[in-house]
Undergrad: 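Here it is: the structure, laid out below.
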Amino acid sequence: MSDRKREEIKNLLSFVIPCYRSEKTIEKVYREIVETVAQKPEYTYEVITVNDCSPDGVLTVLRKLAAGDPCFKVINLAKNFGKHSAMMAGFSYVRGEYIVNLDDDCQCPMDRLWELVDPVANEGYDCATAAYPRKKESLWKRMGSQVNNSMVNMLIEPPKGVVLENFAVIKRFVCDEILKYRNPYPYVAGLVLRATHNIKMVPMEEREREDGNASGFTLIKSVELFANGLTSFSVKPLRIALILGVLFAFLGFVYGLIIIIRRLCNSGIPMGYSSIMAVQLFSSGVIMLILGMIGEYLGRIYISLNNSPQYVVRETMNTEPAE
Ligand code: UDP
Ligand code: MG
């Protein structure tokens with residue numbers, strides 16, 4: 001590679017934006033990127049948008065923007081694969097040294113971009129992420145992210161206090177590392193943490209959604225994401241299941257002993273159907289839970305062996321097929 005080419009790539013910021021139901025906001029996000037990058041002439045940009053088979057007219061807007069700017073790239077997915085798969089698709093097309101992740105709904109505070117780029121470009125960090133105080137979102141969504149965060153903490157064990165948000169900059173080598181994950185259920189925060197712990201948290205406020213739409217994350221999508229994070233990175237849940245199973249078997253055994261002894265000491269005690277039923281129901285519930293968890297892992301192994309794709313690209317604009 002020529003020095004000039006390398007220099008160009010070194011100062012290239014690759015913005016990766018998964019798009020879903022954002023026909024009203026994506027153009028504004030793009031304009032804001034162009035304005036912000038223009039503040040520092042040493043940097044150039046490419047915007048890689050991934051249409052996650054959005055049901056609204058966002059693809060038309062993306063096509064229009066791509067026609068007006070060769071640095072605006074579009075990857076059109078064949079189905080709705082979810083945010084994280086869409087991000088993986090975007091990552092596989094980046095050319096820049098620094099990759100900026102952001103959402104399509106103007107919620108990421110673009111005016112604070114350089115506070116995320118500088119630590120990665122000049123201070124030796126591998127990743128810099130926004131750190132939002134408290135999310136402006138519905139109660140169940142907040143509870144969902146709480147559960148998700150504590151799950152990430154338990155399973156992936158990030159450095160203390162590190163939470164990856166939807167506005168973050170990563171170095172190219174982290175992106176290349178993330179792309180080695182080929183399974184159909186990616187979870188990007190986990191993949192970043194698998195590659196590096198050298199992460200800077202930059203406190204900033206998330207903006208309100210501008211289009212007034214509700215979040216594109218339905219309850220079901222949040223549950224799916226939770227299951228991905230839960231089972232993709234660790235077999236700890238299986239171990240917890242095992243411990244639970246042992247614990248309840250032990251309790252059942254002790255309770256059984258107590259019943260037998262009481263019955264032997266006092267033959268007047270009638271046979272206790274209710275207690276039998278209670279124990280029966282409880283233990284079969286635990287067994288079902290454990291079987292379900294094992295089934296989840298088995299299903300994932302099966303699907304991975306099946307070579308189910310992370311995403312399928314229908315067409316691209318302004319970009320070469322990924323290597
Ligand atoms: N997203 C996606 N596919 C989906 C749902 C969402 O690519 O099926 C993208 C969406 O375009 C946005 C990001 O995920 O860039 C976050 O979505 P949203 O703003 O709805 O969620 P929230 O901000 O509430 O986390
Ligand atoms: Mg959002």
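Whatever order the structure lists them in is the order used to number ligands and atoms, beginning at 1.
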Undergrad: Please identify which atoms of ligand 1 are closer than 4.0 Å to at least one heavy atom of C19.
TA: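 This gives 11 (O) as the contact atoms.
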Undergrad: Quick one: look at I17 and ligand 1, take heavy-atom pairs under 4.0 Å, and tell me if it's side chain, backbone, both or neither.
TA: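 Neither; nothing of I17 gets under 4.0 Å from ligand 1.
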Undergrad: Considering only heavy atoms of Q107, which atoms of ligand 1 have at least one such atom less than 4.0 Å away?
TA: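 Answer for ligand 1: 19 (O), 23 (O).
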Undergrad: Are the side chain of S54 and the backbone N or O of R21 linked by a donor-acceptor pair below 3.5 Å?
TA: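 It does hold such a pair.
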Undergrad: Ligand 1 versus D52, non-hydrogen atoms closer than 4.0 Å: side chain, backbone, both, neither?
TA: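 Looking at D52 and ligand 1, just side chain atoms fall under 4.0 Å.
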Undergrad: Without swapping roles, check the side chain of N80 against the backbone of C53 for a donor-acceptor pair under 3.5 Å.
TA: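 Not confirmed, N80 side chain does not pair with C53 backbone.
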Undergrad: Give a yes or no answer on whether the side chain of E46 reaches the backbone of P70 with a donor-acceptor pair at less than 3.5 Å.
TA: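 Pair absent, no side-chain N/O of E46 close to backbone of P70.
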Undergrad: With heavy atoms of D105 as the reference, note each atom of ligand 1 found under 4.0 Å away.
TA: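 By the 4.0 Å cutoff, the relevant atoms are 19 (O), 23 (O).
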Undergrad: Is there an N/O/S atom in N166 at a distance below 2.8 Å from the Mg ion (ligand 2)?
TA: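 It does not: N166 brings no N, O or S atom closer than 2.8 Å to the Mg ion (ligand 2).
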Undergrad: Do any nitrogen or oxygen atoms of N166 come within less than 3.5 Å of a nitrogen or oxygen of ligand 1?
TA: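 No, N166 has no N/O under 3.5 Å of an N/O on ligand 1.
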Undergrad: Does the ring center of F72 lie less than 6.0 Å from the ring center of Y30?
TA: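 Ring centroids of F72 and Y30 are less than 6.0 Å from each other.
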Undergrad: Okay, side chain of N198, backbone of C127: is any donor-acceptor separation there less than 3.5 Å?
TA: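 Not confirmed, N198 side chain does not pair with C127 backbone.
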Undergrad: Can you name the atoms of ligand 1, numbered from 1 with element, that are less than 4.0 Å from a heavy atom of P18?
TA: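 Answer, ordered by atom number: 7 (O), 10 (C), 11 (O), 12 (C), 15 (O).
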Undergrad: Checking the side chain of R172 only, and the main-chain atoms of E97 only, is there a donor and an acceptor separated by less than 3.5 Å?
TA: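 Looks like no, no N/O pair under 3.5 Å.
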Undergrad: Do any of the N, O or S atoms of D105 sit under 2.8 Å from the Mg ion (ligand 2)?
TA: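 A backbone or side-chain N, O or S atom of D105 is under 2.8 Å from the Mg ion (ligand 2).
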Undergrad: Which word best sums up how the rings of Y98 and Y43 line up, parallel for under 30°, tilted for 30 to 60°, or perpendicular for over 60°?
TA: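 The rings of Y98 and Y43 stand perpendicular, inter-plane angle above 60°.
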Undergrad: Nearest non-hydrogen contact with atom 14 (O) of ligand 1 belongs to which option: E165, H84, K83?
TA: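 Selected option, by shortest heavy-atom distance: K83.
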